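Just so it is clear, the values below take in all heavy atoms, side chains as well, and ignore hydrogens, waters and symmetry mates. Just so it is clear, the model here is predicted, and its values are computed rather than measured.
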Amino acid sequence: MTQDTLQKFIFENAAVRGELVDISQTWREIQARHQYPVAVKRLLGQMVSAAALLSANLKFNGSIVMQIHGDGPVRLLVVECDSQLRMRATAKLSGDAPIADNAGLTSLLNQTGKGRFVITLDPAEKVPGQQPYQGVVPLDGEDVATVIEHYMLRSEQLDTQLWLAANDDVARGLLLQKLPLHGGKAEANPLTHEEALETWNRAVMLGRTLKEEELLTTTIDVLQKRLFWEETIRVFDPVHPSFHCSCTRDKVGNMLKMLGQAEVEDALAEQGKLGINCDFCGKHYEYDAVDCAQLFASDAPAEALIHPTGAKH
């Protein structure tokens with residue numbers, strides 16, 4: 001079976017880098033655990049591609065959690081990807097209202113302008129007192145790619161262009177990013193601002209020739225050659241995204257501790273035992289009265305299971 005693949009490349013003697021990603025097996029594993037409307041799957045798949053593309057440049061051992069909080073038929077889209085490109089994703093709908101196959105980002109998540117895009121960078125090994133970094137911006141754009149482009153420019157001061165597409169079988173994406181003129185490669189091969197801008201504009205122009213259907217039906221190695229055959233490009237070793245859910249019984253128990261003993265005891269009195277399913281992988285956890293009593297008998301404080309972004313089990 002062909003592995004999911006993310007391919008990095010850089011324009012030689014130019015301040016532009018790029019990435020192409022092809023996610024099929026991981027994307028099908030995510031979908032197998034849920035039954036989402038076509039339009040929701042399309043948006044979530046685009047976010048899966050985008051999360052892989054952004055995670056490939058993480059400079060720390062940890063995870064990126066990407067979320068869109070909505071005010072329409074879709075309440076939440078969540079994708080988490082760590083520095084090893086292990087991924088999981090889920091969506092939460094607000095009701096049983098029918099969702100048209102061609103519904104877009106605005107109608108699904110930003111009907112009254114209250115939708116929000118959130119990125120959290122969560123280091124795996126935090127120093128005492130360290131909190132995850134979180135950026136929150138309005139849903140400024142008509143599609144996932146535009147929202148992320150605006151976020152990257154506003155929050156990271158990086159000119160970024162994204163092309164994203166997803167269907168039932170595959171989630172693919174292309175990222176182009178303009179590098180700073182000082183530091184690393186650009187400093188060793190200095191360019192004038194005019195030269196850097198010319199190269200960047202040419203790369204973006206080539207990227208804009210890419211159509212959604214072409215992105216969905218063409219392998220990324222062919223796409224790279226087709227788009228940039230006239231450019232001098234250095235290609236790096238590919239890396240391979242995969243599905244992985246980090247839920248554990250300890251983490252779910254920690255979530256119950258965060259709810260508080262009184263609330264947990266009320267739920268036990270009503271239900272007899274607590275059954276909790278992971279939103280990402282569907283794994284089922286059960287806690288009876290003895291289990292819950294043991295949770296609260298511990299003197300250890302509840303650690304933050306739920307990312308500040310709201311990605312939770």
Side-chain angles (χ1 to χ4, degrees), residues 6 8 17-19 21 23 26 30 43-70 76-91 109 115-141 144-162 164 171 173 175-180 183-184 236 239-248 251 254-255 258 279-280 302-313:
L6 185 143
K8 292 173 140 185
R17 69 180 170 198
E19 298 171 20
V21 69
I23 301 175
T26 300
I30 290 170
L43 291 179
L44 189 63
Q46 291 172 6
M47 285 181 64
V48 166
S49 296
L53 291 166
L54 296 184
S55 295
N57 290 311
L58 286 179
K59 304 300 183 186
F60 65 93
N61 178 25
S63 299
I64 180 171
V65 182
M66 183 182 297
Q67 298 188 36
I68 297 180
H69 294 261
L76 181 67
L77 299 175
V78 185
V79 180
E80 182 176 352
C81 184
D82 66 17
S83 50
Q84 300 177 56
L85 295 187
R86 300 182 303 178
M87 311 188 71
R88 61 181 188 169
T90 190
L109 290 134
R116 293 291 182 267
F117 177 68
V118 183
I119 283 185
T120 300
L121 302 180
D122 189 10
E125 299 175 357
K126 301 181 185 69
V127 299
Q130 182 181 10
Q131 297 296 321
Y133 165 80
Q134 185 177 82
V136 183
V137 296
L139 284 186
D140 185 10
V144 171
T146 305
V147 168
I148 298 173
E149 289 167 2
H150 289 165
Y151 171 86
M152 294 300 291
L153 185 59
R154 183 180 307 173
S155 300
E156 308 295 332
Q157 287 76 54
L158 287 173
D159 282 312
T160 304
Q161 292 286 307
L162 283 163
L164 306 170
L175 175 146
L176 293 174
Q177 202 163 68
K178 185 166 71 172
L179 299 171
F236 298 90
V239 289
H240 303 290
S242 62
F243 177 82
H244 172 74
C245 187
S246 58
C247 72
T248 64
K251 288 184 177 180
N254 194 63
M255 183 190 71
M258 293 176 66
D279 288 340
F280 292 95
E303 298 177 357
L305 165 67
I306 304 172
H307 290 287
T309 56
K312 61 183 182 180
H313 300 285

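- Note that the CD1 atom of I148 and the CE atom of M47 stand 7.0 Å from one another [nearest 0.5 Å].
- In this structure, I64 CD1 and C81 SG are separated by 8.0 Å, a value rounded to the nearest 0.5 Å.
- Of all the heavy atoms in D82 and S55, the pair that sits closest is O-CB, 4.1 Å.
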Evaluate the side chain to side chain contact (heavy atoms under 4.5 Å, CB included) criterion for residues L85 and H240: first the C-alpha distance (whole Å), next the side-chain angles of each, then the deciding distance (0.1 Å), finally the verdict. CA-CA 7 Å; L85 295 187; H240 303 290; over 6 Å; no

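- By the 4.5 Å heavy-atom criterion applied to side chains, F243 and M87 are not counted as neighbours.
- Using a 4.5 Å heavy-atom cutoff, the side chains of I30 and V48 are in contact.
- At least one donor-acceptor pair closer than 3.5 Å links the side chain of E149 to the backbone N or O of L162.
- The nearest pair of heavy atoms linking R88 to C245 is NH1-SG, 3.2 Å.
- When the salt bridge (charged side-chain N to carboxylate O under 4.0 Å, His left out) test is applied to K8, no partner is found at least two apart in sequence or on another chain.
- Between the CG atom of N57 and the CG atom of L175 there is a distance of 7.0 Å, given to the nearest 0.5 Å.
- The only member of L109, V136, I68 that meets side chain to side chain contact (heavy atoms under 4.5 Å, CB included) when paired with F117 is I68.
- In this structure, S246 and R86 have side chains that are not in contact, with every pair of non-hydrogen atoms separated by 4.5 Å or more.
- Side-chain contact check for L54 versus I119: some heavy-atom pair is nearer than 4.5 Å.
- With rounding to the nearest 0.5 Å, the separation of CG in L139 from OH in Y151 is 13.5 Å.
- Closest heavy-atom contact between A171 and G45: CB-O, 3.5 Å.
- No side-chain donor-acceptor contact under 3.5 Å links T160 to the backbone of M152.
- Across all non-hydrogen atoms, the minimal contact from G18 to L176 is CA-CD2, 4.1 Å.
- One distance of note links CD of Q177 with CD of Q161; it measures 10.5 Å at 0.5 Å rounding.
- With sequence neighbours left out, H150 forms a side chain to side chain donor-acceptor pair (under 3.5 Å) with D140.
- Counting only heavy atoms from C-beta outward, the side chains of R116 and P138 approach each other to under 4.5 Å.
- Smallest separation of non-hydrogen atoms from A51 and V79: CB-CG1, 3.6 Å.
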Under the side-chain hydrogen bond (donor to acceptor under 3.5 Å, both in side chains) rule, what do D122 and S63 come out as? Steps first, then yes or no, please. CA-CA 5 Å; D122 189 10; S63 299; over 6 Å; no

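- Side chains of Q67 and L76 form a contact here, defined as non-hydrogen atoms less than 4.5 Å apart.
- Scanning all heavy atoms of the two residues, the minimum distance from G173 to L164 falls at CA-CD2, 4.1 Å.
- Annotation: side chain of L77 is not in contact with side chain of V144 (no heavy-atom distance under 4.5 Å).
- Counting heavy atoms from C-beta outward, L121 and L58 have side chains that approach closer than 4.5 Å.
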